[in-house]
Student: 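This structure is in structure tokens; I'll ask about it shortly.
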There are 2 protein chains.
Amino acid sequence: MSTILDVAKLAGVSTATVSRVINSPETVRGGTRKKVTRAMKICNYKYNALARGFVTKQSDTIGLIIPTINNPVFAESTSGVQDYADQQKIQVILGNTYYRNEQEESLVQTLREKQVDGLIITSTNPKGAIIKTLTDENFPFVLLYSTVKKGDASAVGIDNYQGGYRATDHLVKLGHERIGMVAGSFSISDRSFHRWHGYRQCIKDHGIAYDKDLLAQTDYSLTGGRDSVKKMLSYKKPPTAVFCSNDFLALGAMKGARELGLNLPQDLSIVGFDDIPIASYVIPELTTIRQPAYEMGKLGAKLLLQCIREQTKPVQLMLESSLIIRGSTTGVPG
Amino acid sequence: MSTILDVAKLAGVSTATVSRVINSPETVRGGTRKKVTRAMKICNYKYNALARGFVTKQSDTIGLIIPTINNPVFAESTSGVQDYADQQKIQVILGNTYYRNEQEESLVQTLREKQVDGLIITSTNPKGAIIKTLTDENFPFVLLYSTVKKGDASAVGIDNYQGGYRATDHLVKLGHERIGMVAGSFSISDRSFHRWHGYRQCIKDHGIAYDKDLLAQTDYSLTGGRDSVKKMLSYKKPPTAVFCSNDFLALGAMKGARELGLNLPQDLSIVGFDDIPIASYVIPELTTIRQPAYEMGKLGAKLLLQCIREQTKPVQLMLESSLIIRGSTTGVPG
DNA sequence: CTTGCATATGTAAACGTTTACATAAATTGT
DNA sequence: ACAATTTATGTAAACGTTTACATATGCAAG
């Protein structure tokens with residue numbers, strides 16, 4: 001592979017000049033520029049961005065750490081991050097934690113060794129040591145799907161408590177009193193925990209007694225949703241509605257309910273969370289809390305680059321989520 | 001940030017020794033090793049993998065280029081790639097082309113400048129100039145979701161023709177004679193084209209006349225599927241079954257049909273392609289051609305690393321796909 | 001104790017850029 | 001045509017590792 005030096009020799013100029021035609025062509029006279037570009041063609045010169053990163057100490061690369069790319073909501077925000085990064089000529093290294101903290105830790109370390117300029121993290125434990133170290137060492141990063149409203153880490157997220165409250169409120173208003181919740185494991189995601197808080201507060205506010213049997217914690221999967229709901233429906237006093245802390249769980253719940261012979265939504269109302277694209281394409285269409293995943297990713301990337309380039313102060317952005325009422329929820333029977 | 005040199009000074013050894021305790025600790029005596037690790041702690045030494053990559057000329061990074069991470073089937077193979085890479089201590093830079101050839105080209109270039117060790121590409125145009133250049137310059141890469149059975153590029157894929165044939169055959173065997181196809185645009189994906197070939201050959205083999213009005217080409221999306229099928233169903237002689245060239249299209253078709261008041265599957269049988277996770281969670285459950293996306297990704301990554309490390313000859317791997325019969329297909333009415 | 005050998009450590013160049021600074025060349029005004 | 005100024009180009013060091021090679025150290029056998 002040929003280097004800048006080869007090009008320089010061939011063109012009869014110095015390496016500095018070649019570097020200049022690459023990075024600021026307007027500063028080199030037309031004639032020389034032509035000589036140089038011609039020389040580059042001739043020796044099929046390929047720029048080495050790694051070498052550049054090495055000297056300038058910026059790699060023009062950021063790391064994106066998410067639980068799993070297989071959840072459409074994370075895929076969506078990943079697109080947002082990538083699109084913004086692409087526009088800014090930045091590359092994105094993607095890593096999945098599968099909700100495992102050690103994996104998150106090792107990813108952070110590896111990516112930092114790779115000299116990424118910053119990190120966007122959907123953390124499994126935003127209050128934990130990993131994030132704290134990052135903050136202490138003043139490494140640029142932003143939290144995505146964050147639950148924090150303030151602090152010394154930049155973050156973008158939605159109000160999960162509010163989301164949970166709204167979802168539950170919708171069910172209560174429809175007349176439901178036995179409302180179950182199928183949540184992602186709290187130990188794995190504080191988002192789920194906040195959503196549950198909203199749920200709990202809402203039923204309390206409406207004078208409905210809390211029944212801990214109506215809370216299931218499971219992994220964020222279709223099967224998790226299905227199995228949890230089936231168990232719940234087997235109780236002597238089954239719920240007439242369930243709030244699921246993401247759409248996968250909700251879709252799974254739909255299936256579980258049907259496998260038990262229920263009609264939807266008459267026999268069971270279901271609310272999801274996220275509003276993944278497929279949510280409006282199933283029957284009944286899924287009532288859900290929409291969160292602006294793509295925008296979140298885009299904004300997160302924007303914030304990170306700001307933080308990298310201008311050393312901005314940490315900010316926490318709370319985006320609006322909204323209840324999308326579709327066909328999967330209806331009044332309580334009878 | 002401290003460097004190897006700082007550590008070396010502090011420990012009273014040479015940089016070479018420090019480098020050795022990092023890369024091959026067994027070659028340095030216990031005492032020195034301890035001095036060094038202690039010094040590393042003290043100055044909070046952080047390894048610089050970029051600098052390493054610069055000198056060793058390998059970045060331990062590969063690029064993964066896909067049409068869009070928002071299609072679950074690509075998300076699935078991406079997981080496969082990442083899991084294998086992770087296991088091999090390799091990072092993955094992800095890029096979306098959104099089925100645009102120029103985007104593919106610019107991604108390939110940028111990633112090569114970033115000195116990725118190799119590329120995994122789900123190409124929009126595997127016979128085009130981009131791939132040819134890569135081959136000519138002997139750059140390590142493997143094609144994913146490839147349609148090619150042989151050639152001088154490594155590739156892994158399935159037999160899309162066979163998939164299309166099987167899907168159609170299933171419908172024919174059920175008694176359908178007016179079978180539509182909702183395909184992804186041929187100009188954008190030769191996979192879709194191969195699937196259509198299978199479809200065409202199959203109906204021919206069964207003596208069914210080909211009706212070009214029963215072919216829709218659209219973008220690979222839920223709305224694309226919905227709109228195409230609605231148009232088709234508005235014909236004087238509408239199809240009684242449709243084969244969709246991916247599951248998103250099929251799910252969209254389901255919705256479209258229902259919006260027209262049809263009952264599924266009685267009024268319209270639908271076959272998809274991919275078997276994305278949600279396919280078995282909708283009602284009716286989607287009959288589809290399953291392709292082993294995760295395995296494909298994993299295998300692609302494995303192949304690529306082999307190619308990088310051992311300069312292996314190009315190989316083409318054809319994985320098995322299979323027809324998964326579920327509830328979305330049934331006999332022709334009457 | 002030596003000698004010889006194996007093993008551990010040190011030396012210094014190399015990797016391909018960028019960039020501060022120095023110098024040379026072109027341009028302007030007189 | 002010359003000085004003064006502006007603009008273009010060259011020089012060389014720096015970035016943080018690795019690694020071939022040279023040297024030093026430890027150890028075993030005589």
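First the proteins, then the strands, lettered A, B, ... as listed; each starts at 1. Nothing here was measured: the structure is a model prediction, and the numbers come from that model.
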Student: Any residue in residues 2-25 of chain A with a heavy atom nearer than 4.0 angstrom to DNA chain C? Just list them by number, or reply none.
Tutor: A/Thr3, A/Ile4, A/Thr15, A/Ala16, A/Ser19, A/Asn23
Student: Between the main-chain N or O of B/Thr68 and the side-chain N or O of B/Asn71, is there a donor-acceptor pair closer than 3.5 Å?
Tutor: no
Student: List the atom pairs, with distances to 0.1 Å, where a side-chain N or O of residues 299-318 of chain A and a protein N or O form a donor-acceptor pair under 3.5 Å, not counting sequence neighbours.
Tutor:
unit_1: A/Arg309; atom_1: NH2; unit_2: A/Gln88; atom_2: OE1; d: 2.4
unit_1: A/Gln316; atom_1: NE2; unit_2: A/Gly151; atom_2: O; d: 3.0
unit_1: A/Gln316; atom_1: NE2; unit_2: A/Ala153; atom_2: O; d: 2.6

Student: Rounded to the nearest Å, what distance is computed from the CD atom of residue A/Glu113 to the P atom of nucleotide D/dT17?
Tutor: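 Distance, rounded to whole Å: 10 Å.
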Student: With sequence neighbours left out, write down each residue that passes salt bridge (Lys or Arg N to Asp or Glu O under 4.0 Å) with B/Lys127, or none if nothing qualifies.
Tutor: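 For B/Lys127 there are no salt bridge (Lys or Arg N to Asp or Glu O under 4.0 Å) partners, ignoring immediate neighbours.
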Student: Just the table, please: protein N/O against nucleotides 4-8 of chain D N/O, every pair under 3.5 Å.
Tutor:
unit_1: D/dA8; atom_1: O4'; unit_2: A/Arg29; atom_2: NH2; d: 3.3

Student: What residue pairs, at least two apart or across chains, pass side chain to side chain donor-acceptor pair (under 3.5 Å) with a residue in residues 22-33 of chain A?
Tutor: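 Every pair satisfying side chain to side chain donor-acceptor pair (under 3.5 Å) with a residue in residues 22-33 of chain A: A/Ser19-A/Asn23.
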Student: Would you please name every residue forming a salt bridge (Lys or Arg N to Asp or Glu O under 4.0 Å) with B/Glu295, sequence neighbours left out?
Tutor: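 In terms of salt bridge (Lys or Arg N to Asp or Glu O under 4.0 Å), with neighbours along the sequence ignored, B/Glu295 is linked to no residue.
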Student: Determine whether the side chains of B/Thr135 and B/Asp152 contain a donor N or O and an acceptor N or O closer than 3.5 Å.
Tutor: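 B/Thr135 vs B/Asp152: no donor-acceptor pair found between side chains.
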Student: Using C1' atoms of five pairs at each end, report the bend of the helix from C/dC1-D/dG30 to C/dT30-D/dA1 rounded to 10 degrees.
Tutor: 30°
Student: Return the minimal non-hydrogen interatomic distance between B/Ser77 and B/Leu144, and the atom names on each side.
Tutor: CB-CD2, 4.2 Å
Student: Report the distance from atom CG of B/Leu50 to atom P of C/dC15, rounded to the nearest whole Å.
Tutor: 17 Å
Student: Return whichever of B/Arg33 or A/Lys46 has its heavy-atom-nearest nucleotide of DNA chain C closer to the 5' end.
Tutor: B/Arg33
Student: Any ring-ring contact (aromatic ring centres under 6.0 Å, His included) pairs touching residues 49-96 of chain A, not counting sequence neighbours?
Tutor: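 Listed by first then second residue: A/Phe54-B/Phe54, A/Phe74-A/Tyr145.
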Student: Just checking, any donor-acceptor pair under 3.5 angstrom between side chains of A/Gln109 and A/Glu105?
Tutor: no
Student: Are the side chain of B/Asp117 and the backbone N or O of B/Ser59 linked by a donor-acceptor pair below 3.5 Å?
Tutor: yes
Student: Does anything in residues 90-114 of chain A pair up under ring-ring contact (aromatic ring centres under 6.0 Å, His included), and if so which pairs, sequence neighbours excluded?
Tutor: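 Listed once each, the pairs are A/Tyr99-A/Tyr220.
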Student: Which of residues 52-63 of chain A have a heavy atom under 4.0 Å from DNA chain C?
Tutor: A/Arg52, A/Phe54, A/Val55, A/Thr56
Student: Can you list every pair that meets ring-ring contact (aromatic ring centres under 6.0 Å, His included) and has a residue in residues 8-53 of chain B, with sequence neighbours left out?
Tutor: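 Sorted pair list comes back empty.
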Student: Applying salt bridge (Lys or Arg N to Asp or Glu O under 4.0 Å), name anything that partners A/Lys46, two or more places apart in sequence or on another chain.
Tutor: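 Testing A/Lys46 for salt bridge (Lys or Arg N to Asp or Glu O under 4.0 Å), a comparison that skips the adjacent residues, returns B/Glu137.
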Student: Rounded to the Å, how far apart are B/Gln115 CD and C/dG16 C1'?
Tutor: 9 Å
